[in-house]
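First the structure, in the form of structure tokens, and then the observations on it.
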Amino acid sequence: MHMGENGDASTGDNNRGRRRKLVGRTIRVRERQTYCRIVIIMELMLNKLKSTVTKVTADVTSAVMGNPVTREFDVGRHIASGGNKLAWKIFNGFKKSTKQEVAVFVFDKKLMDKYQKFEKDQIIDCLKRGVQQLTRLRHPRLLTVQHPLEESRDCLAFCTEPVSASLANILGNWENLPSPLPSNIKEYNLYDVETKYGLLQVSEGLSFLHSSVKMIHGNLTPENIILNKSGAWKIMGFDFCIQSINPSEQEPKFSSKEWDPNLPSLCLPNPQYLAPEYILSVSCETASDMYSLGAIIYAVFNNGKPIFEVSKQDIYKSFSRQLDQLSRLNSSNLQNIPEDVREHVKLLLNVTPAVRPDADQMTKIPFFSDVGAMTLQYFDSLFQRDNLQKSQFFKGLPKVLPKLPKRVIVQRILPCLTSEFVNPDMVPFVLPNVLLIAEECTKEEYIKLILPDLSPVFRQQEPIQILLIFLQKMDLLLTKTPPDEIKNSVLPMVYRALEAPSIQIQELCLNIIPTFANLIDYPSMKNSLIPRIKNACLQTSSLAVRVNSLVCLGKILEYLDKWFVLDDILPFLQQIPSKEPAVLMGILGIYKCTFSHKKLGITKEQLAGKVLPHLIPLSIENNLNLNQFNSFISVIKEMLGKLEAEHKTKLEQIHVMQEQQKSLDITNQMKPLEESKVSSSGNQVDKMLSNLGMLTSGPDCKENGLMTNQRKGSLTLEEKQKLAKEQEQAQKLKNQQPLKPQSHAIIAPVKQTKDLTDTLRDNIASLTTQPISKPKLPSSKLYTTNKQHDKQQLG
């Protein structure tokens with residue numbers, strides 16, 4: 001029976017164990033499934049992220065990878081597109097050896113997949129010809145090539161100066177651009193001064209090609225005008241340039257090829273900006289580029305829309321219709337173009353090439369005589385000017401800067417100005433303009449764009465005008481410069497000014513310091529600035545510097561704490577050896593400012609011990625006039641009045657406190673007797689007898705003493721000493737031997753004898769009717785007196 005029960009129990013345990021194992025396995029399986037799902041989801045998210053990153057960087061990895069350009073340059077992100085049909089992708093990049101910023105132009109050969117091999121070769125030859133021609137040409141108005149064209153299996157690539165975008169991108173043609181669209185292109189708006197100067201730059205570039213190189217560009221379009229990082233307009237895309245047949249002769253001659261619609265589009269110029277004579281008469285000349293310039297001007301002022309749409313199916317018919325429209329062109333067709341250039345654009349679009357202005361003439365039209373455009377033009381030619389011309393230009397620049405857009409100033413003007421910091425003679429002329437730009441910049445822009453170039457200038461000590469300019473703009477520097485740079489560069493410059501040998505520099509610095517004292521951190525002011533001001537005051541031989549030092553100290557007192565002023569500034573005033581009236585009045589001013597300031601103030605101990613003993617002798621100096629003497633006496637009287645009032649108030653308060661203490665002592669003495677009136681008559685007798693020393697033994701006496709002490713609470717030292725004396729006296733009475741009656745002859749009783757009990761009752765009654773006060777006689781004496789009285793009664 002027991003075995004069966006045990007067997008059933010063991011079987012149940014085994015079943016429960018199996019169930020637990022099964023549940024455990026199920027939980028583990030579910031955990032693995034959950035873990036696998038999480039891993040799968042994470043892998044999907046990671047793959048999606050990788051695909052996004054890959055999509056963004058695919059252009060770089062697939063197109064540029066393997067090209068020899070990547071050996072010397074790091075290729076960054078895709079930022080723009082340019083060239084004929086916007087076929088060139090533009091990436092930012094850096095040269096590996098120097099970290100110099102560049103732009104990398106990449107033509108991906110995948111764009112030619114739809115063409116046959118001979119067509120691909122034509123396209124490659126055309127693109128190579130354009131880049132090679134651009135590399136050979138050097139001019140400020142042409143895009144500068146930093147590394148020549150390199151070809152790989154997948155792409156063509158070359159490097160240029162840093163680039164922002166092509167003019168076509170800015171005007172809204174976003175073909176061959178990354179997605180999402182770069183913000184620098186999407187949010188870019190051309191200002192009038194940029195448009196004017198940009199078109200002037202293109203005109204100057206054409207003038208160089210036509211006059212100096214004897215060349216026609218042949219495909220001048222917004223796609224082939226590149227805006228570099230500074231915003232300058234540069235010409236590129238010489239794929240269809242035409243060299244003069246007789247470059248040595250005065251009048252160049254150019255040969256033109258007939259339009260071949262069977263060629264790939266990348267092997268043909270853009271017909272929307274092509275002069276009619278190219279198609280209709282198969283001829284070209286420098287005026288043909290001027291027609292293209294007119295069409296570009298029209299597109300710029302019409303949101304990128306060309307003046308005519310050309311049908312590629314029947315180009316001859318389109319140009320014939322265009323020729324007819326050009327012959328009837330009037331001002332209404334050019335209404336979006338500014339009035340002061342409208343007539344010139346009409347001439348540029350004339351069907352007769354001879355009527356069109358040449359490039360040199362266009363650079364001189366009034367439209368380009370804008371102050372802003374002329375200023376930008378002067379900056380571009382700055383390297384050609386001597387120091388005298390530069391200085392005159394920089395002096396007048398502050399009047400022009402407020403008229404220019406901020407982006408133009410930051411992109412175009414600021415780099416030119418900061419590049420002049422390497423020339424110490426130009427710094428005093430350049431620095432005011434840089435600081436004027438800094439005022440319009442945010443703190444972040446100032447730190448990023450201006451401070452790196454400004455930091456070395458902080459340390460320049462010559463010429464001395466640099467220090468003067470910085471001192472005048474110190475509030476700007478302290479507001480926008482980070483604290484570390486203030487401590488390391490700006491404040492040391494102020495310290496150098498205070499220690500400068502020039503009296504004028506010291507005076508200017510002392511006059512300016514109060515205007516920015518609130519921006520200086522307290523440790524620097526306390527430990528570095530104040531000691532130098534004091535040294536300037538004590539060590540100078542100039543009365544003006546000494547007086548300005550005192551005035552400066554007086555103005556910055558409010559930024560100091562009270563005890564520093566009392567312990568450091570006021571004792572310093574007694575060290576000044578000079579007794580000139582101006583110096584004495586400066587000393588008086590500091591005393592008065594400290595005395596009357598709510599935050600500071602002078603203690604009465606300082607007034608009595610140091611200030612008044614210093615001021616009173618100064619007030620009777622013979623150099624002082626009547627008004628100055630009156631000023632001294634007025635301050636002295638004010639200080640004496642405060643001294644009198646404060647000390648008198650203090651003494652009155654002490655007197656009141658003493659009187660209150662006396663009253664409190666009397667009250668404490670009267671309190672026990674007052675409480676005795678309220679208690680019962682039996683207790684009154686016991687307490688009174690106890691106070692009189694008549695009840696000095698027994699437990700009741702001890703309990704009364706303890707209770708009295710508890711009611712009194714915390715006793716003063718005097719009260720404790722008094723209580724101890726009373727206890728000692730009581731102890732003596734307790735130890736005294738009891739009195740023994742002496743034997744006398746029996747005397748007959750007298751009728752008038754009074755009972756002792758009646759006498760004691762009378763004494764008690766008389767005590768209760770007298771004013772309450774502590775007995776002056778010790779209890780022992782009172783006991784003796786009563787005893788003698790009793791003897792007399794008995795006698």
Side-chain angles (χ1 to χ4, degrees), residues 514 517-518 522-523 525-527 529-531 533-534 537-538 546-547 549-668 716-718:
N518 61 313
Y522 186 74
M525 179 177 288
K526 178 180 176 181
N527 301 323
L529 184 62
I530 297 295
I533 296 176
K534 290 163 58 178
C537 182
L538 294 176
R546 184 164 290 160
V547 172
S549 300
L550 294 172
V551 173
C552 180
L553 281 176
K555 290 181 178 179
I556 65 177
L557 283 177
E558 60 179 316
Y559 307 114
L560 306 174
D561 64 69
K562 177 178 180 177
W563 300 112
F564 178 74
V565 174
L566 295 180
D567 298 339
D568 193 271
I569 303 297
L570 298 189
F572 151 74
L573 299 178
Q574 301 179 16
Q575 303 172 15
I576 301 174
S578 180
K579 301 298 180 183
E580 290 85 355
V583 175
L584 297 181
M585 295 306 294
I587 294 173
L588 179 66
I590 292 178
Y591 275 128
K592 184 175 181 180
C593 181
T594 307
F595 173 75
S596 59
H597 198 280
K598 293 181 180 179
K599 174 187 169 184
L600 302 175
I602 305 177
T603 63
K604 62 184 179 63
E605 290 78 15
Q606 291 268 0
L607 285 175
K610 297 181 179 179
V611 177
L612 288 173
H614 184 216
L615 277 180
I616 292 173
L618 294 182
S619 66
I620 59 174
E621 284 290 332
N622 295 329
N623 295 329
L624 296 177
N625 59 31
L626 179 60
N627 291 334
Q628 294 167 340
F629 171 74
N630 289 335
S631 299
F632 266 89
I633 294 301
S634 176
V635 175
I636 290 172
K637 286 182 177 179
E638 191 176 353
M639 289 179 175
L640 285 171
K642 181 180 179 181
L643 179 65
E644 178 186 2
E646 285 190 4
H647 199 64
K648 185 176 180 181
T649 302
K650 178 182 177 181
L651 294 176
E652 289 175 347
Q653 291 175 349
I654 292 174
H655 178 72
V656 171
M657 291 173 64
Q658 290 175 344
E659 293 298 322
Q660 291 176 348
Q661 186 64 35
K662 288 180 181 179
S663 175
L664 185 61
D665 291 342
I666 293 173
T667 303
N668 291 335
T716 63
L717 181 61
E718 291 79 4

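Just so it is clear, the structure is predicted and the values come from calculations on it, not from any experiment.
Between C537 and I576 the shortest side-chain heavy-atom distance falls below 4.5 Å. In this structure, V635 and F595 have side chains that are not in contact, with every pair of non-hydrogen atoms separated by 4.5 Å or more. Counting heavy atoms from C-beta on, the side chains of Q628 and L584 never come closer than 4.5 Å. With contacts defined as side-chain heavy-atom distances shorter than 4.5 Å, the pair I569/I530 qualifies. Between T594 and V611, every side-chain heavy-atom pair lies at or beyond the 4.5 Å cut-off.
Sorted by first then second residue, the salt bridge (Lys or Arg N to Asp or Glu O under 4.0 Å) pairs that include residues 620-641, not counting sequence neighbours, number zero. Judged as a side chain to side chain donor-acceptor pair (under 3.5 Å), the pairs with a partner in residues 549-567 (not counting sequence neighbours) are, in order, Y522-D561.
Every salt bridge (Lys or Arg N to Asp or Glu O under 4.0 Å) that D568 has, sequence neighbours left out, goes to K534. In this view, K642 and E646 satisfy the salt bridge (Lys or Arg N to Asp or Glu O under 4.0 Å) rule, not counting sequence neighbours. Partners of N630 according to the side-chain hydrogen bond (donor to acceptor under 3.5 Å, both in side chains) rule, which considers only residues two or more places apart in sequence or in another chain, do not exist here. In this structure P617 satisfies the side-chain contact (heavy atoms from CB on, under 4.5 Å) test with no other residue, sequence neighbours excluded.
Scanning all heavy atoms of the two residues, the minimum distance from I587 to H614 falls at CG2-CE1, 4.2 Å. The shortest non-hydrogen separation linking I556 to A517 is CG2-CB, 3.6 Å.
Here M585 contributes atom CE and I590 contributes atom CD1; the two are 12.0 Å apart, rounded to the nearest 0.5 Å. Within the model, atoms CG of L588 and CG of L624 stand 9.0 Å from one another, a figure rounded to the nearest 0.5 Å. The line from CD1 of I602 to CE of M639 is 4.5 Å long, rounded to the nearest 0.5 Å. For the atom pair CG of L643 and CG of L612, the computed distance is 6.5 Å after rounding to the nearest 0.5 Å. Rounding to the nearest 0.5 Å gives a distance of 10.0 Å between CG of L557 and CZ of F564. Remark: E605 CD to L566 CG distance equals 11.0 Å, nearest 0.5 Å.
A donor-acceptor pair under 3.5 Å links the side-chain atoms of S619 to the main chain of I616, judged by distance alone.
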